[in-house]
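Remember, it's 1-based here, ligands and their atoms both numbered in the order they're listed. Position 1 is the first residue of the sequence; numbering continues from there. All figures in this text were calculated on a predicted structure; none of them were measured in a lab.
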Amino acid sequence: MAEIERHSFDVLVVGAGGAGLRAAIAAHDAGAKVGIVCKSLLGKAHTVMAEGGIAAAMANVWKEDNWQVHFRDTMRGGKMLNHWRMAQLHAQEAPDRVRELEEWGALFDRTPDGLISQRDFGGHRYARLAHVGDRTGLELIRTLQQRAVALGIEVFMECTITKLVTTGGRIAGAFGYWRESGRFVAFDAPSVVLATGGIGKSYKVTSNSWEYTGDGHALALEAGASLVNMEFVQFHPTGMVWPPSVKGILVTESVRGDGGVLRNSEGRRFMFDYIPEFFKAETADSEEEADRWYEDKTNNRRPPELLPRDEVARAINSEVKAGRGSPHGGVFLDIASRRTPEYIRRRLPSMYHQFKELADVDITAEPMEVGPTCHYVMGGVAVDPDTGESAVQGLYAAGEVAGGMHGANRLGGNSLSDLLVFGRRTGLNAAYAAARLKQRPEISDDEISAASEHALAPFGIEGGENPYTVQHDLQEVMHNLVGIIRTADEMEQAITDLASLRERITRLSVEGHRQYNPGWHLALDLHNMLRVSECIARAALERTESRGGHTRDDFPATDDSWGKVNLHCRVDGDGVGITREPLPQMPDDLRELFN
Ligand code: FAD
């Protein structure tokens, strides 16, 4: 076997978004030798795209806010399927994580009396999102990145991990390739933290960028971990629908938080027709009350445009299906008639430029056209809530790739806080575990040979399937058959189609050399995308109810008996098997918060 490049760390972090950087900083602070690997350039992760803010009950705007209310909002938003302990830790620790970012140099918007400002978002009872205009993710990444670099943490950019190596059932390290040269590299590490983000690229319309092919989900699954809640995929209600080249790009929820309203082609604020029983008590039932809320939040209830994302996305879907959509198949999001141009440009600078440059629409003068876009996966690696460790010893996960925290539906702003809270916890615990080890596991040459052979397979097949065609077909299957509204017939069809795609990816062939070859990279990503898609389709077929980010046309009601179980996916032969597992029991003192 040819010699390959090798590195050795105590903790290897795969992914340089917010979760990965926060984990790396924590592991370094705990005394570990840490390396970070990322598929794209440092600073290019998904986190940088986050617009609205970081949810944390700091009580800067509403003194009534506290961790208990945040915990309750998160659990209710997740339709009570969240792991209660993760939701508790998240609500308790998020304020400290935001303050810590500020200490490290992040510049947040301020309240008139100089505190970190907090804005309204769907599903949060109080204005709770710490923000930097609509560029919060950029500031978060800038701050963490500067700190990680200043600490001297080694970063391997444009390097993709294709396999986790285990020995005796525990993690020994990871194997990957350099995108530029195509050469292989192995990392020996007794603790590996997955922080690889989401899976959106399996869908046709998505706010996610090219990197989000579910790599971490699939790597964990294949290493022996389980994925939980995979049927719950969040379709953000407001993506751009026009022009086609930018379809799916996100329009932040802050537009609605700052006064924007949704209208159909008849000019009607249709969200009043879609207020579910569960949220009736706290949602305004007239336009007058909804509008008064922006000025007087104590004596009025929230506008229905700020219901959780799953509710709003389904409502938009129904309006479009009923023929009341906008010219390009969405609905209208109007802030122009409700706020001054100066206010809009100050509060939503990125949105102003995004629409001006990409769609030639001036959002201070006319409404935007928006529709649902695949945005976030609630499902992910099942982890211990306190340590972030998966069922595979030495394998950790944090951020979007981890499951459990958000249950059936994530509230806006809760991802940035999630990745800070659990990034830190996971990094610390990964470092402690590595330090406790008496003997380090080793990656064998056989493992490296097998991983190399697998990665090079597409070069050995002539005249086979084109990876781009297969990706296109996969996205069609997921969009058409496992999208926002699901039925058994369609999902059974999807599972059949996915099986045939699985067969087709054994015959992928790529042209050219190993040096910077995007076709080859996609061929490798497709294995992951298919694994994850199969998990989503199978779990969605199994759950015969509607809840959060999973809506069944054939089972439209929420079923209490399904509120007691989570679905776990594990590798089963060539495919994926599903098991039902009881929810962890919430202690009585927390349960009382819901009475
Ligand atoms: P990411 O930031 O997605 O980073 C993943 C990293 O993993 C990247 O560095 C990538 O290169 C690397 N990677 C992936 N696969 C591999 C591999 N095989 N090998 C090596 N490296 C790999 N959430 C909020 O809370 N508030 C918001 O306002 C908000 N706004 C958003 C706006 C947009 C447009 C989008 C798309 C999302 C938004 N979200 C928001 C969601 C939030 O940004 C993401 O869920 C979160 O940033 C995910 O962070 P992460 O650290 O888990 O992963």
Side-chain angles (χ1 to χ4, degrees), residues 12-24 36-56 94 119 121 129-132 134-138 140-141 144-145 155-164 174-177 179 187 193-201 206-219 234 236 238-240 248-254 257 309 350-351 354 373-378 380 397-402 405-406 410-420 422-423 426 521 524-525 527-528:
L12 180 74
V13 178
V14 187
L21 288 170
R22 191 62 193 83
I36 304 178
V37 191
C38 56
K39 202 164 163 174
S40 60
L41 294 172
L42 187 60
K44 281 282 182 190
H46 223 158
T47 305
V48 83
M49 296 157 79
E51 295 156 353
I54 312 171
R119 66 159 41 120
F121 243 52
L129 267 69
H131 58 274
V132 186
D134 55 4
R135 294 173 182 148
T136 312
L138 176 63
L140 189 154
I141 280 284
L144 293 180
Q145 197 174 304
V155 182
F156 299 80
M157 282 192 271
E158 300 209 288
C159 182
T160 304
I161 296 299
T162 57
K163 187 166 172 34
L164 295 177
F175 172 93
Y177 66 89
R179 293 177 64 77
F187 299 92
V193 176
L194 292 173
T196 49
I199 57 101
K201 275 294 164 192
T206 178
S207 64
N208 292 186
S209 76
W210 65 270
E211 288 162 83
Y212 302 103
T213 49
D215 295 4
H217 289 75
L219 290 169
Q234 183 167 81
H236 193 291
T238 59
M240 292 177 82
I249 289 187
L250 198 78
V251 180
T252 174
E253 199 164 319
S254 320
R309 289 174 176 175
S350 300
M351 285 301 106
Q354 182 173 307
T373 177
C374 174
H375 182 56
Y376 185 89
V377 61
M378 271 67 76
E400 191 166 340
V401 67
M405 163 64 210
H406 305 286
R410 173 180 72 93
L411 295 186
N414 268 1
S415 172
L416 295 187
S417 39
D418 162 3
L419 57 85
L420 290 172
F422 293 105
T426 300
H521 304 162
L524 298 175
D525 291 345
H527 285 270
N528 303 328

- Residue portion contacting ligand 1 (non-hydrogen atoms closer than 4.0 Å) for T196: both
- Query: Just wondering, do F121 and L411 contact through their side chains at under 4.5 Å, heavy atoms?
  - Reply: no
- Proximal atoms of ligand 1 relative to V14 (non-hydrogen, under 4.0 Å): 19 (N), 20 (C), 21 (N)
- Message: Under 4.0 Å from a heavy atom of A16: which atoms of ligand 1 are those, numbered in the order shown and with their elements?
- Response: 6 (C), 8 (C), 9 (O)
- Message: Is it the case that ligand 1 has an N or O less than 3.5 angstrom from some N or O of L419?
- Response: no
- Which option, C38, A195, G43, S254, owns the non-hydrogen atom nearest atom 6 (C) of ligand 1? A195
- Task: Using a 4.0 Å heavy-atom threshold (strictly under), name the region of L250 that reaches ligand 1: side chain, backbone, both or neither.
- Result: side chain
- Could you list the atoms of ligand 1 found under 4.0 angstrom from a heavy atom of E400? 44 (C), 45 (O), 48 (C), 52 (O)
- Query: Side chains of Y212 and C374: does their closest heavy-atom pair fall under 4.5 Å?
  - Reply: no
- Which of K201, H527, K39 passes side-chain hydrogen bond (donor to acceptor under 3.5 Å, both in side chains) with T213? Answer is K39
- State which residue, out of R135, M49, E51, fulfils the side chain to side chain contact (heavy atoms under 4.5 Å, CB included) condition with S350. R135
- Query: Any N or O of Y376 that comes nearer than 3.5 Å to an N or O of ligand 1?
  - Reply: no
- What residue and atom, counting heavy atoms only, is the protein's closest point to atom 35 (C) of ligand 1, and at what distance? H375 CE1, 3.3 Å
- Query: Is a side-chain N or O of T373 found less than 3.5 angstrom from the main chain of G248, in a donor-acceptor match?
  - Reply: yes
- Determine whether T136 and I54 make a side-chain contact, defined as any pair of heavy atoms from C-beta on separated by less than 4.5 Å. yes
- Given side chains that start at C-beta, do those of I161 and T196 come closer than 4.5 Å, heavy atoms only? no
- Query: So among H375, R309, H406, which one has a side-chain hydrogen bond (donor to acceptor under 3.5 Å, both in side chains) with Q234?
  - Reply: R309
- Item | E211 N/O under 3.5 Å from ligand 1 N/O | yes
- Message: Just to confirm my output: which protein heavy-atom neighbour is closest to atom 19 (N) of ligand 1, and how far is it?
- Response: I161 N, 3.0 Å
- Mind checking whether N528 and H217 have side chains closer than 4.5 Å, heavy atoms only? no
- Note on the structure: When distances are taken from atom 42 (C) of ligand 1, the protein heavy atom at minimum range is S415 OG, 3.5 Å
- Grab the two heavy atoms, one from V251 and one from H236, that are nearest each other, plus how far apart they are. O-CE1, 3.5 Å
- Task: Using non-hydrogen atoms of the residue, decide whether R410 is closer than 4.0 angstrom to ligand 1.
- Result: yes
- Geometric N/O contact M49 with ligand 1, under 3.5 angstrom: no
- Considering only non-hydrogen protein atoms, determine which one is nearest to atom 21 (N) of ligand 1 and report residue, atom name and distance to 0.1 Å. K39 N, 3.1 Å
- With a cut-off of 4.0 Å, which atoms of ligand 1 are near a heavy atom of S40? 11 (O)
- Message: Out of A55, G200, A50, who is nearest to atom 29 (C) of ligand 1 when you count heavy atoms only?
- Response: A50
- Close side-chain approach of H521 and R179, heavy atoms under 4.5 Å: yes
- Those atoms of ligand 1 less than 4.0 Å from some heavy atom in G197: 3 (O), 5 (C), 52 (O), 53 (O)
- Message: Between ligand 1 and G198, is the shortest N or O to N or O distance under 3.5 Å?
- Response: no
- Query: Does some side-chain heavy atom of L416 sit less than 4.5 Å from a side-chain heavy atom of L129?
  - Reply: no
- N414 near ligand 1 by a heavy-atom separation under 4.0 Å: yes
- Query: Are any of the N/O atoms in E51 less than 3.5 Å from those in ligand 1?
  - Reply: yes
- For atom 26 (N) of ligand 1, the protein heavy atom that lies nearest, with its residue and separation: G53 O, 3.0 Å
- Query: T47 side chain to I141 main-chain N or O, any donor-acceptor pair under 3.5 Å?
  - Reply: no
- Query: Is the closest heavy-atom distance from C159 to ligand 1 below 4.0 Å?
  - Reply: yes
- Task: Within a distance under 4.0 Å of any heavy atom of D215, pick out the atoms of ligand 1 and give their elements.
- Result: 15 (N), 16 (C), 17 (C), 18 (N)
- ligand 1 and G412, any nitrogen or oxygen pair closer than 3.5 angstrom? no
- Message: Strictly distance-based, threshold 3.5 Å: is any side-chain N or O of R22 a donor or acceptor partner for the main-chain N or O of L419?
- Response: no
- Item | D134 (side chain) donor-acceptor with M351 (main chain) under 3.5 angstrom | yes
- Query: With a cut-off of 4.0 Å, which atoms of ligand 1 are near a heavy atom of G52?
  - Reply: 27 (C), 28 (O)
- Which atoms of ligand 1 sit under 4.0 Å from any heavy atom of G413? 24 (C), 25 (O), 26 (N)
- Specify the closest pair of heavy atoms between A45 and A16, including all atoms of both residues, with the distance to one decimal. CB-O, 3.8 Å
- Judging by distance only, is a nitrogen or oxygen of H46 under 3.5 angstrom from one on ligand 1? yes
- Under-4.0 Å heavy-atom contact with ligand 1, by part of E253 that carries it: neither
- Task: For Y376 and S415, indicate whether the former's side chain and the latter's backbone hold a donor-acceptor pair under 3.5 Å.
- Result: no
- Query: Starting from atom 7 (O) of ligand 1, which protein heavy atom do you reach first, and at what distance in Å?
  - Reply: G15 CA, 3.2 Å
- Message: Looking at ligand 1, would K44 count as a contact under a 4.0 Å heavy-atom criterion?
- Response: no
